[in-house]
Novice: 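Sending over a structure as structure tokens; questions will come in a sec.
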There are 2 protein chains.
Amino acid sequence: MTARARPVPRYVEIRERLESAIVSGEWPPGHRLPSEMQLAEEFGCARMTVSKVVAGLAEAGLVTRRRRAGTFVARPQPQETTLRIHSIPSEVRALGRSYRFEVLSRSERNADPAEAEQLGVRAGTLILALEVLHRADEAPFALEQRIINLKSAPEARAEAFDDEPPGAWLQALLPWTDAEHHILALNADPAIAARLDIAEGSACLRDDRRSWHGGAVVTHVRLTYPGERRLVAHFHAPGGRLKTGGGAAG
Amino acid sequence: MTARARPVPRYVEIRERLESAIVSGEWPPGHRLPSEMQLAEEFGCARMTVSKVVAGLAEAGLVTRRRRAGTFVARPQPQETTLRIHSIPSEVRALGRSYRFEVLSRSERNADPAEAEQLGVRAGTLILALEVLHRADEAPFALEQRIINLKSAPEARAEAFDDEPPGAWLQALLPWTDAEHHILALNADPAIAARLDIAEGSACLRDDRRSWHGGAVVTHVRLTYPGERRLVAHFHAPGGRLKTGGGAAG
DNA sequence: GAGTGGTCTAGACCACTGA
DNA sequence: CAGTGGTCTAGACCACTCA
């Protein structure tokens with residue numbers, strides 16, 4: 001009773017059939033799908049095979065399932081999407097431009113109240129503060145102002161950041177398990193304008209990011225991009241699943 | 001031989017044990033995991049149970065699998081994250097503020113070259129152009145400039161957009177299957193400054209979004225937010241999986 | 001109470017590929 | 001060629017919940 005040739009797995013075919021019925025509108029939102037037993041009979045396979053497929057559809061948000069009631073085509077999701085943010089070196093290289101970075105300043109000190117709040121620790125905690133300029137084809141691409149919690153990452157004290165920017169170095173040492181981003185626009189103050197070689201007052205894109213490893217805050221990084229810099233993202237539904245990650249355009 | 005009480009599924013426990021060994025560093029990147037048979041024996045369960053778990057870890061990017069070679073802890077992923085962008089009404093309500101929108105202008109016409117390029121259609125295509133102001137507690141929250149391809153969504157001609165903003169209405173009619181975002185910062189020109197009630201030249205956050213349904217471009221929308229507006233997102237690794245979607249903060 | 005999804009078992013065959 | 005992952009089967013018990 002086992003299939004001889006199986007070039008394409010059974011569950012792929014089943015998934016495609018069900019997805020097609022849903023996105024085509026043949027099964028409109030709210031429509032009840034056949035039960036797992038019925039589907040198994042219809043496709044001539046074991047119940048567990050269709051079970052895995054339908055569970056996958058549910059995880060992707062295409063259907064919702066309720067015991068005893070059955071499986072239903074989900075209502076179209078609220079307009080919601082996800083935007084991928086890549087590391088700066090990979091962004092620059094994806095643009096076909098040469099990447100370089102330089103450490104503008106470095107200071108080891110106790111966190112002042114503002115820094116402590118950014119990091120989510122108490123004032124006085126020992127930190128490493130870095131200012132890094134990322135360049136694309138030598139032109140300023142982004143200004144990075146980072147503070148690192150030396151309690152979480154004491155290895156940073158001995159690191160010169162000659163080869164790798166702090167972000168990549170930290171990611172290799174302590175990959176973040178939790179992160180929080182705040183993205184906003186702001187007018188360049190004189191300091192930022194000078195660093196990024198743009199006019200004072202011109203619009204900039206800012207990404208404030210706090211990262212945890214396990215329960216401990218590791219770092220806070222403030223990235224400031226010239227305003228014309230774009231975050232680009234492509235998406236593919238259904239289920240809000242992503243097709244391609246974001247590139248970038250100057 | 002079946003477990004009597006199963007308050008927490010077996011696979012959850014197994015997944016947690018494996019995840020923990022990976023993120024804690026007990027199994028460093030490159031480490032080879034026990035084979036499925038060994039794991040099944042170790043956990044005292046069927047091979048398929050651990051197989052599903054490890055397949056899930058692989059999908060999440062925590063491990064990589066090669067036939068005959070085995071399963072290995074993956075290298076830390078490049079620093080990369082996803083940012084959720086919610087619909088404006090839900091963003092406003094998530095802030096605990098009252099939501100209201102008004103249609104500022106509406107025009108049905110043939111696309112000029114610029115609009116045609118935004119929409120990715122040829123000039124002359126019949127479009128509906130809308131300007132919508134979204135308000136939070138009556139204060140301007142975002143300016144929406146939208147063009148709708150009337151070839152794709154002819155129903156829009158008859159819609160007054162009294163109850164629902166165009167985004168939500170379109171999403172219900174033709175949920176997007178593909179989308180492309182461009183996010184940037186810009187200085188408010190006089191028109192935007194007037195609409196958003198902000199000073200001319202102050203920084204704004206812009207999201208240009210083009211949406212497809214199937215193969216056809218349905219709409220292009222340009223959202224402009226006052227600069228102090230924030231896009232907020234929380235993430236939880238491992239595997240880059242999301243814990244909570246983005247809220248927002250003024 | 002009956003039917004649904006959720007989970008699990010103890011096998012099996014296969015394709016692939018590194019030792 | 002032996003061991004791995006990838007898939008599948010034909011059962012099973014359970015929790016839940018709606019009719």
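Order of the sequence lines fixes the chain letters, A, B, ..., with proteins taken first and strands second; residue numbering starts at 1 for each chain. On a predicted model such as this, the values are computed, not experimentally measured, just so you know.
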Novice: Does the D/dA15 base have a donor-acceptor partner in the side chain of A/Arg68 within less than 3.5 Å?
Specialist: no
Novice: Starting at CZ of A/Arg66 and ending at P of C/dT4, how long is that distance when rounded to a whole Å?
Specialist: 14 Å
Novice: In this structure, how many angstroms lie between the P atom of D/dA10 and the CZ atom of A/Phe43, rounded?
Specialist: 17 Å
Novice: Hey, which of these two, B/Ala69 or B/Lys52, hits DNA chain C nearer its 5' end, going by closest nucleotide?
Specialist: B/Lys52
Novice: Do A/His181 and A/Asp207 have side-chain N/O donor and acceptor atoms under 3.5 Å apart?
Specialist: yes
Novice: Taking only the side-chain heavy atoms of B/Arg65 (C-beta and beyond), determine which of D/dT7, C/dC8, D/dG6 contains the nearest atom.
Specialist: D/dG6
Novice: Nearest-Å distance, CD (A/Gln38) to P (C/dG5)?
Specialist: 9 Å
Novice: Among D/dT7, D/dA10, C/dG5, which is the nearest nucleotide to the side chain of A/Ala46?
Specialist: D/dA10
Novice: Would you mind reading off the distance between B/Arg67 atom CZ and C/dC13 atom P, rounded to a whole angstrom?
Specialist: 17 Å
Novice: Would you kindly give the CZ-to-C1' distance between B/Phe72 and D/dT4, to the nearest whole Å?
Specialist: 10 Å
Novice: Inspect the contact between B/Arg222 and B/Glu144 and indicate whether a charged nitrogen and a carboxylate oxygen are less than 4.0 angstrom apart.
Specialist: no
Novice: Quick one: A/Arg47 CZ to D/dA10 C1', roughly how many Å, whole number?
Specialist: 12 Å
Novice: Could you tell me whether the phosphate oxygens of D/dT7, OP1 or OP2, come under 4.0 Å of any side-chain nitrogen or oxygen in A/Tyr11?
Specialist: yes
Novice: Whether B/Arg135 and B/Glu102 form a salt bridge (side-chain N of Lys/Arg under 4.0 Å from carboxylate O of Asp/Glu) is what I want to check.
Specialist: yes
Novice: Is B/Met48 touching bases, backbone alone, or none of the nucleic acid, heavy atoms closer than 4.0 Å?
Specialist: base
Novice: Taking for each residue the nucleotide of DNA chain D with the nearest heavy atom, is it B/Thr71 or A/Thr49 whose nucleotide lies nearer the 5' end?
Specialist: B/Thr71
Novice: Are side-chain N/O atoms of B/Arg32 and B/Thr71 paired as donor and acceptor at under 3.5 Å?
Specialist: no
Novice: Output the rounded distance in Å from CZ (B/Arg10) to C1' (C/dA10).
Specialist: 15 Å
Novice: Just how far, in rounded Å, is P of D/dC14 from CD of A/Glu36?
Specialist: 18 Å
Novice: Taking only Lys NZ, Arg NE, NH1 and NH2, and the carboxylate oxygens of Asp or Glu, determine whether B/Arg65 and B/Glu36 approach each other closer than 4.0 Å.
Specialist: yes
